[in-house]
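Below you'll find the structure, written out as structure tokens, and then a few comments.
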Amino acid sequence: MKILFLPLDERPCNYSYAPMIARKNERLDLILPDKEILSHKKQPADIEAIKKFLLDNVEQADVAVLSMDMLIYGGLLPSRLHEKSFEDLSKNIEILQDLKKKNPKVKIYAFQSLMRCPQYNSSEEEPDYYADYGYKIFKQKYLEDKSQRDDISAAEEAELSSIQIPAEILNDYVQRRRTNLKVNETILSDVKKGLIEFLIIPQDDSSPYGYTALDQQKLINQIQKENLQEKTMIFPGADEIGMTLINRAYNDFYHVQPKVFAIYSSILGPTIIPLYEDRPLYSTLADHLVATNSLLVDSPEEADYILAINTPGKKMQESFAEKKDITYSTFRNLRLFCQKIQYYLDKGVKVAVADSAYANGGDYALINYLDSMNLLDRLAGYAGWNTDANTLGTVIAQAEIGENKDIDNLKARIIEDVFYQANVRQNVVNNFLPQHSLSYYDFKDKEDLVKQEIANELLAKYNNLQLAKKYPIDHLQISMPWHRMFEIKVSI
């Protein structure tokens, strides 16, 4: 099958991960646009060039998997920054009808983000005023919403009363949210019309109260009113959704429904609400499996593969936290977890690992166990990056449409997700950058020096693995798509 794929943005997690997973699957061919016409961080994409790319290639495609944020706003970050009217934005949606006219048989699988509301002060990915008012914008609506749907404490009431935001700033933010929500509602109408086969509305940095929760409820009401539950889903995630929809399209096209049995490293793991998400881990797992048209089964005997999910003991922390919560040891048993993985592998069962113990990075302890037991290269997939949802979508896609035991992908994920995110990134930020008067977002004219330091540290850590003796790496090439420390791309 051929899939016409329009990614969320140009970062490796959106542009490169899906092709990496699909590259050895002879039954799947992805058609991607040239990266040059896509967005570059806050700079919008060339939307007219994107439309031309889609129209030029749709006739050869069985399926189109489309980021509506890219198609309508010119990218994820531009969707948070634009000053366009709904009328102007809605013109970009009309391309869906043109695609269906040119290829009536093409099935469109789409995703469009619910605009996020981060709970911190930073304008790195938001409007400039978010550097000073980001937390206040989030917390004001969070507390207002909570006070109406639940109880708030006296301290919370006092905090709400103390929040002051200039009217012009709040008006700008609220108006953009209203416009984007109207676009969300229009896309839902296109599902109702049959233009879109399946739609995912992912929530990036979600919260149980506040702007995103309120907008989510409005969309849920529309979905229920128009009876679109079988065609539309809303759940936490963002950068993995392109892979999830490619996975869904693949399963639909070949009429398969993979059966999955999940095991966890802790008893409370499925009930824990991960950082940056608004629901228990089990619910997000269920969402991702339903989204790919996979089935969570009750026994390993029924399963096509085992999804081994590494979870926190009682609460989730960042991977780079200096002091680990004691429940990572007392409320889970990594050794037993890894023994279960070995047991299933020895029985010839396919096993993939979703490393969701921490946010923003994998679990060193898990990798050390699996490596010492010589299990890493026997896995059908591994990921542990950013959020629980990012990790789950990536691993499920690897297990279902990727090559079994994909060593190149495995090495890349361990190096980026565990070594970089959980260790090297912080080490470089805390020790190397200050020595050269550099910062997290500003490398001045020394980016090549930073990349070389990162490569050296990553290679040293990889060479400490047993895996490295079997699959040696001589050289790593590092790229930094947004010229900051948050994400990198490793070429082996």
Side-chain angles (χ1 to χ4, degrees), residues 1-8 12-32 60-67 106-111 197-200 202 233 235 237-262 284-297 303-309 349-355 377-385 389-413 416-417:
M1 69 179 297
K2 289 189 175 183
I3 296 181
L4 187 58
F5 179 42
L6 181 63
L8 182 60
C13 57
N14 289 308
Y15 190 83
S16 302
Y17 284 13
M20 284 175 65
I21 290 174
R23 69 193 189 285
K24 294 182 181 180
N25 188 330
E26 295 181 354
R27 301 206 300 170
L28 177 58
D29 182 17
L30 296 184
I31 307 167
L32 277 81
Q60 62 174 314
D62 301 294
V63 166
V65 172
L66 306 179
S67 163
V106 73
K107 292 185 176 181
I108 298 175
Y109 293 69
F111 59 112
E197 180 76 13
F198 190 77
L199 173 69
I200 295 177
M233 294 186 69
F235 55 81
D239 295 324
E240 83 285 358
I241 299 298
M243 289 178 279
T244 297
L245 281 178
I246 289 170
N247 192 358
R248 169 74 181 228
Y250 182 90
N251 289 344
D252 286 352
F253 186 85
Y254 288 110
H255 306 290
V256 295
Q257 186 179 43
K259 311 298 189 296
V260 185
F261 180 71
T284 302
L285 169 64
D287 288 333
H288 276 77
L289 290 174
V290 170
T292 59
N293 195 24
S294 305
L295 184 65
L296 190 63
V297 295
D304 295 305
Y305 69 95
I306 305 294
L307 186 60
I309 307 175
V349 180
K350 185 176 178 180
V351 181
V353 173
D355 194 353
D377 62 340
R378 299 174 64 185
L379 299 176
Y382 169 87
W385 63 287
N390 292 155
T391 288
L392 288 172
T394 306
V395 172
I396 292 168
Q398 177 64 49
E400 297 189 4
I401 63 176
E403 179 191 35
N404 193 25
K405 302 176 184 177
D406 186 338
I407 301 303
D408 291 337
N409 222 330
L410 175 75
K411 290 188 292 186
R413 296 273 52 78
E416 289 187 27
D417 300 359

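The basis for the numbers below is simple: all heavy atoms, side chains too, and nothing from hydrogens, waters or symmetry mates. Numbering starts at 1 and runs along the sequence shown.
Contact check for Tyr109 versus Ile3: no side-chain heavy atoms found under the 4.5 Å cut-off. The shortest distance between side-chain heavy atoms of Asp355 and Asp417 does not fall below 4.5 Å. Contact of the Val395 side chain with the Val353 side chain is not registered, since no non-hydrogen atoms from C-beta on lie closer than 4.5 Å.
Take Asp304 and apply the salt bridge (Lys or Arg N to Asp or Glu O under 4.0 Å) test, not counting sequence neighbours, and it matches no residue. Scanning for side chain to side chain donor-acceptor pair (under 3.5 Å) contacts around Tyr15 gives an empty result, with sequence neighbours left out. Under the rule for a ring pair (Phe, Tyr, Trp, His ring centres under 6.0 Å), the partners of Phe235 that lie at least two apart in sequence or sit in another chain are His288. Applying the side chain to side chain donor-acceptor pair (under 3.5 Å) test to Glu416 and every residue at least two apart in sequence or in another chain returns Tyr17, Arg413. By the salt bridge (Lys or Arg N to Asp or Glu O under 4.0 Å) test, Asp408 is found to be paired with Arg23, Lys411, residues two or more places apart in sequence or in another chain being considered. Residues meeting the side chain to side chain donor-acceptor pair (under 3.5 Å) test with Lys2, sequence neighbours left out: Gln60. For Val297, the side chain to side chain contact (heavy atoms under 4.5 Å, CB included) test picks out Lys259, Phe261, Leu295, Glu302, Ala303, with sequence neighbours left out. In terms of the side chain to side chain contact (heavy atoms under 4.5 Å, CB included) criterion, residue partners of Ala22 (sequence neighbours excluded) are, by chain and number, Leu28, Leu30. In this structure, the side chain to side chain donor-acceptor pair (under 3.5 Å) partners of Ser294, at least two apart in sequence or on a different chain, are Thr292, Glu400. The ring pair (Phe, Tyr, Trp, His ring centres under 6.0 Å) check on Tyr250 picks up Tyr254, with sequence neighbours excluded.
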Could you walk me through whether Asn14 and Phe5 pass the side-chain contact (heavy atoms from CB on, under 4.5 Å) test, one step at a time?
-> CA-CA 10 Å; Asn14 289 308; Phe5 179 42; over 6 Å; no
Walk me through it: do Met233 and Phe198 pass the test side-chain contact (heavy atoms from CB on, under 4.5 Å)?
-> CA-CA 8 Å; Met233 294 186 69; Phe198 190 77; 3.9 Å; yes
side-chain contact (heavy atoms from CB on, under 4.5 Å) between Ile396 and Thr244, worked out = CA-CA 8 Å; Ile396 292 168; Thr244 297; over 6 Å; no
Before giving the answer on side-chain contact (heavy atoms from CB on, under 4.5 Å), spell out for Leu307 and Leu285 the whole-Å C-alpha distance, their side-chain angles and the decisive distance to 0.1 Å.
-> CA-CA 10 Å; Leu307 186 60; Leu285 169 64; 3.6 Å; yes
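A donor-acceptor pair under 3.5 Å is formed between the side chain of Asn25 and the backbone N or O of Ile401. Checked by atom type and distance alone, the side chain of Glu26 never pairs as donor or acceptor with a backbone atom of Lys24 at under 3.5 Å. Within the 3.5 Å criterion, the main-chain N or O of Glu403 finds a donor-acceptor partner in the side chain of Gln398.
Within 6.0 Å of NZ in Lys107 there are 12 or fewer heavy atoms belonging to other residues, nucleotides or ligands.
The CE atom of Met1 sits 5.5 Å away from the CG atom of Asp62 when rounded to the nearest 0.5 Å. Rounding to the nearest 0.5 angstrom, the gap separating the CG atom in Leu245 from the CG atom in Leu199 is 8.0 Å. Atom CD1 of Ile407 and atom CG of Leu379 lie 8.5 Å apart (nearest 0.5 Å). To the nearest 0.5 angstrom, Lys405 atom NZ is 8.0 Å from Asp377 atom CG.
Across Leu392, Thr284, Val260, a single residue satisfies side-chain contact (heavy atoms from CB on, under 4.5 Å) together with Leu289, and that is Val260. With respect to Trp385, the side chain to side chain donor-acceptor pair (under 3.5 Å) criterion is satisfied by exactly one of Thr391, Thr394, Asn390: Thr394.
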